[in-house]
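Worksheet: the structure to be examined is printed underneath.
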Amino acid sequence: MTVSRFLHSRSCLPRLFFGTTITRNGRLLSTGFNKIDEQLKTDEAGTFDTKRPPTGKLLVLGGNGFVGSHICREALEQGLTVSSLSRSGRPSLHDSWLNDVLWHKGDLLSPGSLKQAMSEATSVISCVGAFGSNPYMYRINGTANVNAIRAAVEQRVKRFVYVSAADFGLLYYLLRGYYEGKRVTEAELTDKFPNGGIILRPGFIHGTRQVGNMKFPLSAIGAPLQMVLQHAKFLTRIPLIGPLFIPPVKVTSVAKVAVRAAIDPLFPSGIVDVYGILQHSQQKSA
């Protein structure tokens, strides 16, 4: 009897030690960055209790968009309290999950409109971005997100995840304002959130995108390309055109990794490239 109790108590130690975490079960995988690889060793040593639901409050900036709406749904499935801030507020869709999100109207270019939405948030995920003229792209991808990061610091937000974009090489010169804005945001996040700032750099994000009453099946193109290119990383090393071979990634994969990065204190800060996103998203729940 004594031996049995002893063995039982030993088997419970890992669960007792890690029982306070809010992560899903499984180890983190390498994304190809040295800083991330070093911190992953901590996660590889143990398992995590997924029975206890997360208690954090997540604010999604741009939660009514293509990527943002999937992040909101993923966060709700994880048991989080979810709010969203965007210029238009609640989307015009009729999906039932919309009723479980607190929708705020605000403009990231007007920092004063961010305080109320961020006042109770423990984590923030920004999906804000846009295309257009170079000055416009820089203002939305850069200035607006920088304002959000600074507001998050003032409100003592613990973790901030930014959905950025992979650098497609030649496209940088065609979309200079887009990429310069995103890199300015990345630099600000790295500076203001050295611990708890995560940058996701996906390539082409595919899934079913709804615009008004029309649905566009982007996966018809993205899914086959992802299957092929995710195993052909060597192609990205070709001079000039190599970045064009960066594999697409499914929107639900980006959402899963973004939410995990926002709530998991062991998820390492820094940049997660598309291959890291694919690896993290393939982890199975306990």
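Below, each value reflects all heavy atoms present in this structure, side chains not excepted, and no hydrogens, waters or symmetry copies.
- Side-chain contact between Ser83 and His104: present, with at least one pair of heavy atoms (C-beta onward) separated by less than 4.5 Å.
- A distance-only check finds a donor-acceptor pair linking the side chain of Arg159 to the backbone of Ala261 [under 3.5 Å].
- When hydrophobic clusters are built by joining Ile, Leu, Val, Met, Phe, Trp and Tyr residues whose side-chain heavy atoms come closer than 4.5 Å, directly or via intermediates, Tyr138 is not grouped with Leu171.
- No donor-acceptor pair closer than 3.5 Å links the side chain of Asn145 to the backbone N or O of Ser126.
- Side-chain atoms of Ser123 come within 3.5 Å of backbone atoms of Ala262 as a donor-acceptor pair (strictly under, hydrogens ignored).
- Residues Val128 and Leu108 form a side-chain contact, since some pair of their non-hydrogen atoms from C-beta on lies under 4.5 Å apart.
- When all heavy atoms are compared, the tightest approach of Phe168 to Gly203 is CZ-CA, 3.6 Å.
- The shortest non-hydrogen separation linking Gly56 to Leu80 is O-CD2, 3.5 Å.
- Counting heavy atoms of neighbouring residues, nucleotides and ligands inside a 6.0 Å radius, atom NZ of Lys158 does not exceed 12 of them.
- When atom types are taken as modelled, the side chain of Tyr179 and the backbone of Ala166 share a donor-acceptor pair closer than 3.5 angstrom.
- Using a 4.5 Å heavy-atom threshold, the side chains of Val254 and Val249 count as touching.
- Residues Phe204 and Val257 share a single hydrophobic cluster, defined by chaining ILVMFWY side chains whose heavy atoms lie under 4.5 Å apart.
- Here the side chains of Arg201 and Val274 are not in contact, with every heavy-atom distance at 4.5 Å or above.
- Residues Ile277 and Pro202 come closest through the heavy atom pair CD1-N, 3.7 Å.
- Distance check, rounded to the nearest 0.5 Å: OG1 of Thr185 to CD of Glu180 gives 12.0 Å.
- The two atoms that bring His206 and Pro248 nearest to each other are CD2-CB, 3.8 Å, heavy atoms only.
- Note on Val163: it clusters hydrophobically with Phe66, by side-chain heavy-atom contacts below 4.5 Å among ILVMFWY residues.
- A heavy-atom distance below 4.5 Å is found between the side chains of Asn99 and Arg90.
- The distance from atom NZ of Lys250 to atom CG of Leu278, rounded to the nearest 0.5 Å, is 12.5 Å.
- Between Leu58 and Val124, every side-chain heavy-atom pair lies at or beyond the 4.5 Å cut-off.
- Put simply, Leu98 and Val60 are part of the same group of oily side chains (I, L, V, M, F, W, Y) that touch within less than 4.5 Å, one to the next.
- For the residue pair Asn195 and Ser269, no side-chain donor N or O sits within less than 3.5 Å of a side-chain acceptor on the partner.
- Under 4.0 Å is where a charged nitrogen must lie from a carboxylate oxygen, and between Glu74 and Lys256 no such pair does.
- Minimum interatomic distance between Gly169 and Pro243 (heavy atoms only, all atoms of both residues): N-CB, 3.7 Å.
- Here CD of Gln155 is found 10.5 Å from CD of Gln116. Values are rounded to the nearest 0.5 Å.
- The heavy-atom pair separating Val161 from Ala258 by the smallest distance is CG2-O, 3.9 Å.
- A search for side-chain hydrogen bond (donor to acceptor under 3.5 Å, both in side chains) contacts involving Asn147 returns nothing, not counting sequence neighbours.
- Hydrophobic cluster membership is shared by Val153 and Ile199, with clusters built from Ile, Leu, Val, Met, Phe, Trp and Tyr side chains linked at under 4.5 angstrom.
- The main-chain N or O of Gly181 is never found under 3.5 Å from a side-chain atom of Asn141 such that the two would form a donor-acceptor pair.
- Put simply, CD on Gln230 and CD on Gln279 are 10.0 Å apart, with the number rounded to the nearest 0.5 Å.
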Next on the checklist: Test side-chain contact (heavy atoms from CB on, under 4.5 Å) on Leu114 and Leu85; report intermediate values, then the result.
Outcome noted: CA-CA 8 Å; Leu114 307 179; Leu85 183 142; 3.9 Å; yes
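- Side-chain contact between Trp103 and Ser86 is absent, with no heavy atoms from C-beta onward closer than 4.5 Å.
- Relative ring orientation between His280 and Phe267 is described as tilted, the plane-to-plane angle lying within the 30° to 60° band.
- No donor-acceptor pair under 3.5 Å is formed between the side chain of Asp95 and the backbone N or O of Trp97.
- Inter-residue side-chain proximity for Ile198 and Val272 is flagged as met; some heavy-atom pair is nearer than 4.5 Å.
- Panel note: side chain Ser110, backbone Ser113; no donor-acceptor pair is recorded below 3.5 Å.
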Next on the checklist: Using side-chain contact (heavy atoms from CB on, under 4.5 Å), reason through Val184 and Val146 one step at a time and then give a plain yes or no.
Outcome noted: CA-CA 8 Å; Val184 165; Val146 168; 3.9 Å; yes
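- The structure places CD of Glu77 at 11.0 Å from CG of Asp100, a figure rounded to the nearest 0.5 Å.
- Within the structure, side chain to side chain donor-acceptor pair (under 3.5 Å) pairs that include any residue of residues 162-172 comprise Tyr162-Lys182, Ser164-Arg183, Ser164-Glu186 (at least two apart or interchain).
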Next on the checklist: Run the side-chain contact (heavy atoms from CB on, under 4.5 Å) test on Ser88 and Asn64 for me, step by step, so that the C-alpha distance in whole Å, both residues' side-chain angles and the decisive distance to 0.1 Å come before the verdict.
Outcome noted: CA-CA 8 Å; Ser88 56; Asn64 58 358; 2.7 Å; yes
Checklist entry - Does the side-chain contact (heavy atoms from CB on, under 4.5 Å) test come out yes or no for Arg87 and Lys105, once each step is laid out? => result CA-CA 5 Å; Arg87 285 180 292 181; Lys105 277 189 176 182; over 6 Å; no
